[in-house]
Amino acid sequence: MNLINARPKAAEGVERSDAVAVNDAEQRELYKKREPIYPKLVHGRFRAAKWAFMAFALGLYYLLPFVRWDRGPGAPDQAVLVDFAGRRFYFFWIEIWPQEVYYITGLLIAAALALFLVTALFGRVWCGYACPQTVWTDLFIAVERFFEGDRNKRIKLDRAPWSFNKAWRKVSKHAVWLIIAGATGGAWILYFHDAFDTLNNFFTGEAALTSYLFFGILTFTTYTLAGTMREQVCTYMCPWPRIQAAMTDREALNVTYKVDRGEPRGPHKKGDSWEGRGDCIDCKACVAACPMGIDIRNGPQLECIHCALCIDACNDIMDKVGRPKWLIGYDTDDNIDRRMKGEQPRYRFIRTRTLVYAVSLVVVLAIMLYALATRSELELNVTRDRNPNYVELSDGSVRNGYTLKVLNKANAPRSLDLSVEGDPAIEMRVLGVEDGDRLTVRRDRTQDFRIFLSLPAGAVDSPSEPITFIVTDPETGETARTRSTLQTGATR
């Protein structure tokens with residue numbers, strides 16, 4: 001009896017295990033292993049533009065820390081420097097203090113609006129040419145192509161068993177990748193300390209611990225993102241592909257396969273007629289050239305970074321088969337519809353969204369330029385003593401104490417005149433200053449001064465008196481002022 005009852009349970013167990021196996025198989029399909037992409041080298045105007053911009057961007061990044069800018073004696077002469085120790089950001093002639101972080105905010109807002117505007121006009125040009133991930137990935141692919149050959153040779157090498165030829169090519173490629181990644185991390189830390197001093201101290205082991213830490217982080221991330229992850233960063237990690245759809249419309253220029261001209265596609269032999277078919281010969285040259293491994297003929301795709309290499313690849317094929325170029329090119333969705341209806345294409349760069357982005361960008365830049373043009377190199381702040389609120393002296397007069405903070409942003413010391421606006425009877429004394437109301441402030445510094453204001457007993461007629469501290473540079477005429485009060489304790 002037990003044996004009879006056991007058989008259905010065993011069968012049920014087999015069915016359950018089979019179901020679990022099916023579910024496991026389905027889950028494994030959701031996590032597909034990365035398939036290597038072997039982009040083919042193409043030649044054309046867009047490939048040349050990418051080479052040119054890559055050379056410019058990398059040259060700027062690696063060499064900019066070594067550019068000098070004279071700011072006077074005692075000031076750092078590095079043109080671009082984020083000086084955390086001195087709490088300054090230097091950009092050529094501009095010097096940003098911690099309390100002026102709004103300039104950085106304005107710059108970020110302007111950069112975002114510029115990105116929105118360019119995307120609304122020309123699609124993901126940023127992703128295809130200027131994004132650091134694209135620039136460094138392009139460089140790493142060039143190194144890979146140098147050691148392992150173009151697309152077909154790389155595929156053949158990866159499929160071949162390990163040998164001395166395969167080993168030295170792989171090791172050399174990764175070695176150069178590490179050198180580039182190290183140079184990238186090394187250049188980054190040069191923006192935060194004097195480049196020449198940091199470079200010397202780095203190799204002698206005398207650099208700050210943070211320099212080695214960030215060098216390691218940037219080296220690792222550059223090697224990993226540009227060398228091994230590549231298109232996965234754009235597809236899975238970057239939020240911009242998902243955001244940029246809101247920045248564009250059907251009038252935005254995008255890298256587009258002109259389906260109205262290319263279909264129906266199919267192989268073509270020399271001498272065959274082109275009647276009744278499209279210009280696409282289904283050679284997949286566009287797919288072979290794509291660093292993202294997609295087929296542009298499938299329409300707009302999240303993975304497409306608009307590098308336009310598929311345009312160069314397709315133009316080359318069109319030349320060979322004797323058909324007009326630009327089967328793949330920058331076009332709009334509306335133009336495809338117009339051509340299919342027999343209408344002439346048109347391009348509308350001035351649209352509501354582009355106007356909004358452009359006007360907003362101009363306004364932000366205008367505000368920043370005005371703020372920089374009217375930026376004062378002299379600032380003043382005051383803190384009144386609270387405990388005690390005031391002191392009544394033996395002659396009946398009332399005295400208040402203040403801490404005056406004078407900020408001199410100039411690269412030279414200043415001798416400033418201090419005055420107080422308010423009741424004419426107010427008497428002022430600056431503690432530790434022999435030259436009356438003349439304050440000497442060092443260059444590029446904030447200095448504190450202790451100020452005592454007294455009001456004679458006969459002049460006290462209200463609980464508090466409004467006052468204004470004013471400092472003036474007699475040489476330049478520049479002034480700074482700040483308001484406060486003088487407490488008397490009088491009752492009305």
Side-chain angles (χ1 to χ4, degrees), residues 69-78 81-105 192-194 371-391 393 398-423 426-455 464-487:
W69 187 270
D70 185 16
R71 298 186 178 89
D77 64 348
Q78 186 164 313
L81 178 65
V82 182
D83 184 9
F84 279 115
R87 295 184 296 177
R88 303 286 190 279
F89 170 61
Y90 299 97
F91 184 81
F92 293 92
W93 65 92
I94 301 174
E95 179 180 345
I96 305 298
W97 288 61
Q99 60 268 38
E100 295 176 321
V101 69
Y102 50 83
Y103 285 115
I104 307 298
T105 304
F192 298 87
H193 306 279
D194 183 81
L372 284 171
T374 59
R375 179 174 178 259
S376 174
E377 292 189 337
L378 187 63
E379 291 187 10
L380 186 64
N381 287 286
V382 66
T383 303
R384 188 175 59 81
D385 293 350
R386 300 290 183 178
N387 189 18
N389 214 12
Y390 63 92
V391 174
L393 304 180
V398 176
R399 186 181 72 188
N400 283 201
Y402 304 84
T403 300
L404 201 66
K405 293 182 180 292
V406 183
L407 172 59
N408 176 23
K409 298 179 184 177
N411 288 320
R414 286 184 171 190
S415 184
L416 306 171
D417 293 330
L418 173 65
S419 60
V420 178
E421 283 185 354
D423 195 314
I426 293 177
E427 298 177 359
M428 179 176 62
R429 181 166 68 92
V430 183
L431 193 65
V433 175
E434 298 179 357
D435 189 12
D437 54 3
R438 180 63 62 89
L439 308 180
T440 301
V441 184
R442 293 177 295 170
R443 55 164 294 277
D444 205 28
R445 288 289 186 275
T446 299
Q447 283 188 232
D448 294 351
F449 297 92
R450 286 289 292 159
I451 312 293
F452 293 104
L453 299 184
S454 301
L455 189 63
S464 64
E465 296 282 346
I467 58 172
T468 302
F469 289 95
I470 304 171
V471 291
T472 304
D473 187 336
E475 295 185 1
T476 64
E478 187 175 6
T479 64
R481 59 179 62 212
T482 184
R483 295 178 179 179
S484 187
T485 59
L486 188 147
Q487 300 293 322

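Only a predicted model underlies this, so the values are computations on that prediction, with no experimental measurement involved.
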Checklist entry - Should Glu95 and Lys409 count as side-chain neighbours, where that means a heavy-atom distance under 4.5 Å? => result no
Item to check | Criterion side chain to side chain contact (heavy atoms under 4.5 Å, CB included) on Tyr103 and Leu372, from CA distance to verdict | outcome: CA-CA 9 Å; Tyr103 285 115; Leu372 284 171; 3.6 Å; yes
Checklist entry - Side-chain contact, heavy-atom cut-off 4.5 Å: Leu380 with Leu404? => result yes
Checklist entry - Of the non-hydrogen atoms in Ile467 and Thr485, which two are nearest, and what is the gap between them? => result CG1-N, 3.9 Å
Item to check | Side chain Arg88, main chain Asp444, donor-acceptor under 3.5 Å | outcome: yes
Checklist entry - Considering residues, nucleotides and ligands other than Arg483, do more than 12 of their heavy atoms fall under 6.0 Å from its CZ? => result no
Next on the checklist: Determine whether the aromatic ring centres of residues Phe449 and Tyr402 are separated by less than 6.0 angstrom.
Outcome noted: no
Next on the checklist: Quick one, Thr468 with Val420, criterion side chain to side chain contact (heavy atoms under 4.5 Å, CB included). Give me CA distance, side-chain angles, the key distance, then yes/no.
Outcome noted: CA-CA 6 Å; Thr468 302; Val420 178; over 6 Å; no
Checklist entry - Got Arg445 and Leu407 here, is their nearest side-chain heavy-atom distance under 4.5 Å? => result no
Checklist entry - If you round to the nearest 0.5 Å, how far is CG of Asn389 from OG of Ser464? => result 10.0 Å
Checklist entry - Thinking salt bridges, do Glu379 and Lys405 make one under a 4.0 Å N-O criterion? => result no
Checklist entry - How many angstroms lie between CG in Leu416 and CD1 in Ile470, if you round to the nearest 0.5 Å? => result 13.0 Å
Next on the checklist: With rounding to the nearest 0.5 angstrom, report the CD1 to OG distance, Ile426 to Ser454.
Outcome noted: 9.5 Å
Checklist entry - Arg386 and Gln487: side chain to side chain contact (heavy atoms under 4.5 Å, CB included), yes or no, with the steps? => result CA-CA 10 Å; Arg386 300 290 183 178; Gln487 300 293 322; 6.0 Å; no
Next on the checklist: Can you tell me how far apart CD (Glu100) and CZ (Phe89) are? Round to the nearest 0.5 Å.
Outcome noted: 12.0 Å
Next on the checklist: Tell me if the OH atom of Tyr102 is crowded by more than 12 foreign heavy atoms within 6.0 Å.
Outcome noted: yes
Checklist entry - Quick one: does Thr446's side chain get under 4.5 Å of Trp97's, heavy atoms only? => result yes
Next on the checklist: So Leu418 and Val430, do their side chains get closer than 4.5 Å, heavy atoms only?
Outcome noted: yes
Checklist entry - Do the side chains of Asp77 and Asp194 get nearer than 4.5 Å, heavy atoms only? => result yes
Checklist entry - Does any non-hydrogen side-chain atom of Leu439 lie less than 4.5 Å from one of Val471? => result yes
Next on the checklist: Working note: Leu486 + Leu455, criterion side chain to side chain contact (heavy atoms under 4.5 Å, CB included); need CA distance, chi angles, decisive distance, verdict.
Outcome noted: CA-CA 9 Å; Leu486 188 147; Leu455 189 63; 4.2 Å; yes
Next on the checklist: If we count only N and O atoms by modelled type, under 3.5 Å, do the side chains of Thr472 and Glu478 hold a donor and an acceptor together?
Outcome noted: no
Checklist outcome for this item: Heavy atoms of Phe452 and Gly401 approach each other most closely as CD2-CA, 3.9 Å
Checklist entry - Would you find a donor on one side and an acceptor on the other, under 3.5 Å apart, between the side chain of Arg443 and the backbone of Gly72? => result no
Checklist entry - Are the side chains of Arg450 and Asp385 in touch, meaning some heavy atoms are under 4.5 Å apart? => result yes
Checklist entry - Can you name the closest pair of heavy atoms from Ala410 and Asn408 and give their distance? => result N-OD1, 3.1 Å
Next on the checklist: With a sphere of 6.0 Å drawn around CD of Glu475, does it hold more than 12 non-hydrogen atoms of other residues, nucleotides or ligands?
Outcome noted: no
Next on the checklist: Checking Thr440 against Arg414: is there a side-chain donor and acceptor pair closer than 3.5 Å?
Outcome noted: no
Checklist entry - Judged by modelled atom types alone, do Ser419 and Glu421 share a side-chain donor-acceptor pair under 3.5 Å? => result no
Checklist entry - When rounded to the nearest 0.5 angstrom, what distance separates CG in Asn400 from CZ in Arg384? => result 6.0 Å
Checklist entry - What is the ring orientation for Phe92 with Trp69, classed by angle as parallel under 30°, tilted 30 to 60°, or perpendicular over 60°? => result perpendicular
Checklist entry - Nearest heavy-atom pair of Ser484 and Phe469: which atoms, and what distance? => result CB-CE1, 4.3 Å
Checklist entry - Between the side chains of Arg438 and Ser415, is a donor N or O closer than 3.5 angstrom to an acceptor N or O? => result yes
